[in-house]
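Remarks on the structure that follows.
Naming: A, B, ... by sequence-line order, numbering from 1 per chain. We use all heavy atoms of the structure for the numbers below, so side chains are in, but hydrogens, waters and symmetry mates are not. Model, not experiment: these values are computed from the prediction.
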Amino acid sequence: MGLMEQRIKRPDFPATIRAETWWRQYLRITWRNKRVFAAHAMLFLLVLAAVLAPLYPVDPFDQRLAQSLKPPALTQEQNELPSLLGTDSLGRDLLARLLLATRISLMVSGLSVLIACLVGTLLGLISGYQGGLVDAVIMRIVDALLSLPFVVVAITIVAAIGPGLINIALILGLTGWVTFAKLVRGEVLRLKEIEYIEAARSIGCSRKRILLRHITPQVVGVVLVTITLTLGQMIITEATLSFLGLGIPPPTPTLGGILSDAQTFFFSAWWIVVFPGVFLMLIVLSVNIIGDFLRDYFDPQLKL
Amino acid sequence: MVSFLAQRILQGFLAIFLVLSMVFVVLNISGDPIRMMLPPTATQEDVEAMREAFGFDQPLVFRYFTFLNQMAHLDFGHSVQTRRPALDMVLGRLPATLFLAFSALFLALLIGVPLGILAAVKRGSILDTLAVLLSMVGQSTPVFWIALVLIFLFGVIYPVLPPSGYGTAAHLVLPATSLALFLLAGMTRVTRTSLIEVLNLPYVTTARSKGVREHVVIIKHALRNAAIPVITQLTLQMRFVIGGSVVVESIFGWPGLGQLLAQAAFARDYPVVIACTLFVSLFIVLFNIALDLSYSAIDPRIRLWD
């Protein structure tokens with residue numbers, strides 16, 4: 001019983017100092033920043049609306065020509081639910097169409113971000129870690145795709161393989177991977193120079209093990225940030241393609257497609273112009289705010 | 001400098017070559033366009049004859065080299081729709097697009113940079129909050145919706161500007177503004193962040209403690225160093241301006257490259273689509289080289305060659 005034992009004995013930390021789990025820390029930081037919290041809440045509501053869209057009791061495809069171009073109303077008519085956001089030129093309920101359109105927009109952009117993320121992260125890891133010829137080839141392809149606007153690449157491919165839901169998701173995914181590849185590669189190049197990788201190498205870890213166990217977990221931050229920032233871009237690009245008639249063909253409602261129809265009814269129906277755009281803006285705005293927040297959260301020095 | 005330029009131009013050509021190769025691959029894996037070009041009543045013999053006439057019966061590698069050879073001679077073939085040479089159609093549309101894109105760029109710089117500076121200098125003020133809000137909303141709003149709302153406001157409710165067409169200065173206002181709002185948001189944001197960073201550097205403190213007046217500190221000392229990220233932003237944004245011009249031109253009936261590309265893609269007019277793609281990528285490559293050169297002009301410490 002001496003000094004030694006006393007020193008070894010662990011002090012009892014009060015409960016509050018104990019390490020926070022990552023999601024508690026995330027909640028705490030998010031709660032503190034009003035703007036970021038609002039963005040999370042908004043995105044949650046929109047995703048919830050998209051998931052629950054089929055439960056909305058009005059059929060988005062039901063044409064009632066007698067009800068054509070009715071302004072938003074709260075009052076009930078002829079045993080029917082009120083058209084809260086008005087109706088379009090074919091008398092279809094705008095809110096029901098917007099809910100379904102939001103669902104489709106999120107599905108397509110989510111799928112394309114998933115494709116872009118998988119392809120881009122893989123190629124970025126290989127490019128950064130392998131270096132040499134492989135790196136040169138991948139980076140030249142990235143440069144080539146970056147010498148064209150996203151929309152132009154997409155339009156060129158649509159011209160070849162035709163529009164449609166799956167096609168659009170594929171096209172957006174297979175053109176959007178460049179951002180992931182470029183940023184992941186940069187991160188791998190930075191990590192390669194850090195001492196712990198050198199230590200792993202000197203104790204005899206294989207190249208595969210170093211890449212999978214020591215580098216890949218470290219790029220998760222960059223990938224998450226890129227996912228959110230790319231998601232916004234994908235949503236806008238999908239809407240743009242559908243607006244131009246090169247995206248998802250009617251009668252499937254899309255935010256871009258509804259706005260495209262709205263052009264004809266400028267003079268009579270402001271609601272078809274305003275509401276789809278507001279939906280689109282709210283989705284992208286909340287995704288972008290979360291993306292900015294994640295960037296600061298993972299690395300305040302990181303500049304994308 | 002010459003070798004730097006040569007290297008950048010070589011890289012640019014490589015990028016364009018790869019773009020064309022990718023276009024070729026995509027067009028060829030998606031089946032040949034012969035069926036699209038013929039009426040549905042065409043017989044099998046007609047299809048075979050057409051296929052032979054256009055060289056689609058040749059092996060893929062052979063066709064690839066033929067394609068590259070044509071591209072090298074700027075021979076894009078004739079438009080499927082109008083039967084006019086695709087190159088002529090694209091070149092005829094180019095000035096209108098450049099005019100629109102640079103007007104939008106100019107407008108965005110003219111408003112975005114001063115707004116960013118004011119926001120950075122008066123950090124935390126109402127003006128700053130508004131500038132940050134504007135840049136966030138501006139970057140999250142699709143260009144085509146801004147265009148629709150502007151038409152609605154200034155073409156329908158207060159009909160002061162022509163909602164579509166080309167020719168007079170009044171026709172330029174709405175398309176350029178729609179494109180500029182997105183750009184302006186990015187410019188404001190980058191100028192603000194970059195200037196805030198520079199204003200915290202020790203040399204600015206030195207200048208202030210020497211008694212240099214605040215506006216001189218900002219304009220003469222800080223701004224030059226803050227300009228580099230703004231130019232980098234311009235390189236990134238030019239892609240979005242051209243991308244945005246596709247949809248803006250379609251909405252406003254602006255007879256530019258973007259409108260042509262959208263129409264050609266809709267009609268699956270391959271020769272025109274390829275020609276448009278090539279010129280867009282050529283323009284962006286050249287624009288980026290020009291901006292790279294401006295780095296050293298603004299900050300002599302940056303030397304891209306030697």
Side-chain angles (χ1 to χ4, degrees), chain A residues 35 39 137 140-163 167 171 174-175 232-233 235-237 239-241 243-246 255-256 259-260 262-263 266-268 270 273-274 276-278 280-289 292 303, chain B residues 11-12 14-19 21-23 26-31 33 136-137 139-146 148-149 151-152 155-157 163 193 229 238-247 250-251 258 261-262 264-270 273-274 276-277 280-282 284-285 288:
Chain A
R35 190 160 72 199
V137 169
R140 289 294 81 77
I141 297 175
V142 169
D143 282 351
L145 279 172
L146 285 180
S147 78
L148 277 175
F150 206 44
V151 178
V152 172
V153 184
I155 288 180
T156 307
I157 308 180
V158 172
I161 68 175
N167 279 4
I171 289 167
L174 294 180
T175 49
Q233 210 190 354
I235 294 169
I236 289 190
T237 311
T240 306
L241 288 176
F243 180 80
L244 290 172
L246 295 165
L255 294 171
L259 279 170
S260 179
Q263 285 184 94
F266 257 150
F267 299 89
S268 44
W270 57 269
V273 183
V274 172
V278 170
L280 206 48
M281 195 185 74
L282 286 179
I283 302 173
V284 180
L285 187 62
S286 52
V287 169
N288 280 352
I289 291 176
D292 283 348
K303 291 250 170 62
Chain B
Q11 270 179 15
L14 187 63
I16 292 172
F17 165 75
L18 283 171
V19 163
S21 303
M22 283 186 272
V23 168
V26 170
L27 289 185
N28 280 282
I29 53 168
S30 60
M136 272 195 322
V137 172
Q139 288 200 303
S140 307
T141 316
V143 171
F144 65 89
W145 190 54
I146 298 179
L148 289 184
V149 171
I151 293 182
F152 193 59
V156 178
I157 298 187
T193 326
M238 201 57 201
R239 289 174 60 222
F240 289 100
V241 176
I242 297 293
S245 77
V246 174
V247 62
S250 301
I251 294 174
L261 176 64
F266 198 74
R268 299 216 183 175
D269 192 345
Y270 295 141
V273 170
I274 296 173
C276 284
T277 312
V280 167
S281 117
L282 186 68
I284 289 179
V285 165
N288 287 354

Donor-acceptor pair, distance only, cut-off 3.5 Å: does the side chain of W145(B) make one with the backbone of G256(A)?
no
Identify which of V285(B), I284(B), N288(B) forms the greatest number of heavy-atom pairs closer than 4.5 Å to chain A.
I284(B)
For D292(A), check salt bridge (charged side-chain N to carboxylate O under 4.0 Å, His left out) against everything at least two apart and list the hits.
R295(A), R189(B)
Using a cut-off of under 4.5 Å for heavy-atom pairs, which of V280(B), I16(B), I146(B) has the most such pairs with chain A?
V280(B)
Looking only at heavy atoms, the pair that brings R140(A) and L18(B) closest together is O-CD1, 3.5 Å
Side chain, backbone, both or neither: which part of V247(B) has a non-hydrogen atom closer than 4.5 Å to chain A?
both
Side-chain donor-acceptor pairs under 3.5 Å in residues 147-154 of chain A, sequence neighbours left out?
unit_1  : atom_1 : unit_2  : atom_2 : d
S147(A) : OG     : A144(A) : O      : 2.8

Find the one option among P163(A), G232(A), A239(A) whose heavy-atom pairs under 4.5 Å with chain B are most numerous.
A239(A)
Which bit of L14(B) is near chain A, if near means a heavy-atom gap under 4.5 Å: side chain, backbone, both or neither?
side chain
Which residue out of V158(A), L282(A), I155(A), V142(A) racks up the most heavy-atom pairs below 4.5 Å with chain B?
I155(A)
Part of I235(A) lying under 4.5 Å from any heavy atom of chain B:
neither
For the candidates L280(A), D143(A), T237(A), which exhibits the highest count of non-hydrogen atom pairs separated by less than 4.5 Å from chain B?
L280(A)
Okay, S281(B) and chain A: the region with an atom under 4.5 Å from a heavy atom over there is both
How long is the span from the OG atom in S21(B) to the CD1 atom in I141(A), to the nearest 0.5 Å?
10.0 Å
What I'd like to find out is whether the side chain of F243(A) reaches to under 4.5 Å of the side chain of L148(B), using heavy atoms alone.
yes
Residue, of Q139(B), M22(B), M136(B), M238(B), that accumulates the most heavy atom pairs under 4.5 Å with chain A
M136(B)
Okay, V137(B) and chain A: the region with an atom under 4.5 Å from a heavy atom over there is both
